[in-house]
Number of protein chains: 2
Amino acid sequence: MPRNRAAPERPALTVDVVIFRLADERLETLLVRRGFPPFKGRWAIPGGFVHKNESLDAAARRELKEETGLEGIYLEQLYTFGDPKRDPRGRVVTVAYFALIPGTAAARAGDDAAEVGWYPLIKLPEIAFDHKNILQYALRRLRYKLEYSAIGFQLLPSEFTLAELQAAYEIILGEPLDKRNFRRRILEADVIEATGDYRSGTVGPRAALYRYRPDAVAEVKARRLFP
Amino acid sequence: MPRNRAAPERPALTVDVVIFRLADERLETLLVRRGFPPFKGRWAIPGGFVHKNESLDAAARRELKEETGLEGIYLEQLYTFGDPKRDPRGRVVTVAYFALIPGTAAARAGDDAAEVGWYPLIKLPEIAFDHKNILQYALRRLRYKLEYSAIGFQLLPSEFTLAELQAAYEIILGEPLDKRNFRRRILEADVIEATGDYRSGTVGPRAALYRYRPDAVAEVKARRLFP
DNA sequence: CTATAATCGTGTCAGAATTACACCATTTGG
DNA sequence: CCAAATGGTGTAATTCTGACACGATTATAG
């Protein structure tokens, strides 16, 4: 808290929300095409100014809803980027968040005229500002958290099969996992429970459906899921 | 990045730096006594406004130097607190950092008239603003990082004995560690190396001195030191 | 000078956790 | 009804973790 009496700089303050989803066997993120300079035509992480009397979390949640129409989504603060030169128009400090949206939630492509699109992280278009840094940072954090907490479920619909869950982990981590070991660990971690229903795949036996047990989060945080 | 054209709110932006040290077998933090309302007389985390053309990291480093006279200190961004009501005078968003200063560095008590003091985290005085939250958050992060990375060395002088290192870990984690297991793990992690010198303690055999291998940090981050 | 008390440094073993690995049963579609 | 894809299951070898004790060294007090 300031003790000096110098006039404070009052930078513009934005939140940027890195929104992840799983689609087409890839991890994708939502980007917005800029219609004005600077970086006209390049793609940016969706975000906007923090309003008066609005907390940072609330601003991020509002942005997320504006872009996707979704509420009740997993959202966490990532990092704050404040390099004086990161926006050529002047000082803009941004608090970056990342959000995970369940695969099924057909996030609509934004409710305003702006051009928006989902891009796989492995094949990003030309990115504006320092947003490539932010995306990389978000991906690192996602992978990291995936190993230690139950965050992976947030990218799946409320009911899913173990094969789907494993596929989600493999996509995000970028490496194959052993089926039997995966199942053992996930089940021993006690973070999911069978719904009792089954899903008929295209071919082969029916797969048991599971759901996430939200009350289990706290317990898991301490112990690595995938060492 | 903002797409809407609404006038941005421009909150005051500060950095607050939670500064930790080890002293008297305790983990201590540097606090500043407030001389003016609000929270006059209560203790706050040292911090101040971010200057024009100054990055957030640079601002934190500057604050750290102003308070302690120290440079080249371990410093990392912690979290950004932006609740609209966190400062009764108006909107102040603060980017919190935490710093670890080596035990020997006799941080001077600040270079201006303000009253500053080191307080053990287990016995804090009356705290201003939401700074108690920030301190708790910083402690949680410190403990967490201690288990996964080689951060603990930052609280010791450049050369130290294994007993001193173990004591540091025990103080921060708040629990005793087994001597032989501790030594095995630390040495196998390959993050420290013997200097070849020895220190004569008050009594007993001479203890080998070790130094931290800064190039080892990257390797360690992946693997838990103390599971 | 000697006795005492504190500290340094070291190894093993049991139990737990992790990894690697293969096959049969079921279901759908041709 | 046959083929092809997928679901589900167990074990053995290895590695990791945690518990545990004592002899050698040095400073200090008497």
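Per chain, numbering begins at 1; letters A, B, ... match sequence-line order. Values below: every heavy atom of this structure, side chains too, minus hydrogens, waters and symmetry copies.
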Any B/Arg183 side-chain nitrogen or oxygen under 4.0 Å from OP1 or OP2 of C/dG9: yes
For nucleotides 28-30 of chain C, tabulate all protein N/O to nucleotide N/O atom pairs closer than 3.5 Å, reporting atom names and distance.
| unit_1 | atom_1 | unit_2 | atom_2 | d |
| --- | --- | --- | --- | --- |
| C/dT28 | O4' | A/Thr202 | O | 3.3 |
| C/dT28 | O3' | A/Thr202 | O | 2.9 |

Is a donor-acceptor pair below 3.5 Å formed from side chain A/Arg185 to base C/dA17, judging by atom type as modelled? no
Over how many whole Å does the gap from B/Asp178 atom CG to C/dG11 atom P extend? 15 Å
For B/Arg184, check salt bridge (Lys or Arg N to Asp or Glu O under 4.0 Å) against everything at least two apart and list the hits. none
Under 3.5 Å, sequence neighbours excluded: what are the donor-acceptor pairs made by side chains of residues 197-209 of chain A?
| unit_1 | atom_1 | unit_2 | atom_2 | d |
| --- | --- | --- | --- | --- |
| A/Arg199 | NH1 | A/Glu164 | OE1 | 3.1 |
| A/Arg199 | NH1 | A/Glu164 | OE2 | 2.1 |

Can you sort out the partners of B/Tyr210 under ring pair (Phe, Tyr, Trp, His ring centres under 6.0 Å), two or more places apart, ordered by chain and number? none
Applying side chain to side chain donor-acceptor pair (under 3.5 Å), name anything that partners A/Asn133, two or more places apart in sequence or on another chain. none
For B/Arg199 and C/dA6, what is the distance between atoms CZ and C1' respectively, to the nearest whole Å? 16 Å
For the residue pair B/Phe98 and B/Tyr74, does the interplanar ring angle fall in the parallel (under 30°), tilted (30 to 60°) or perpendicular (over 60°) class? tilted
Applying ring pair (Phe, Tyr, Trp, His ring centres under 6.0 Å) to A/Phe81 and not counting sequence neighbours gives A/Tyr79
Between A/Ile186 (CD1) and D/dG8 (C1'), how many Å, whole number? 16 Å
In whole Å, I'd like the distance from the NZ atom of A/Lys179 to the P atom of D/dG8. 8 Å
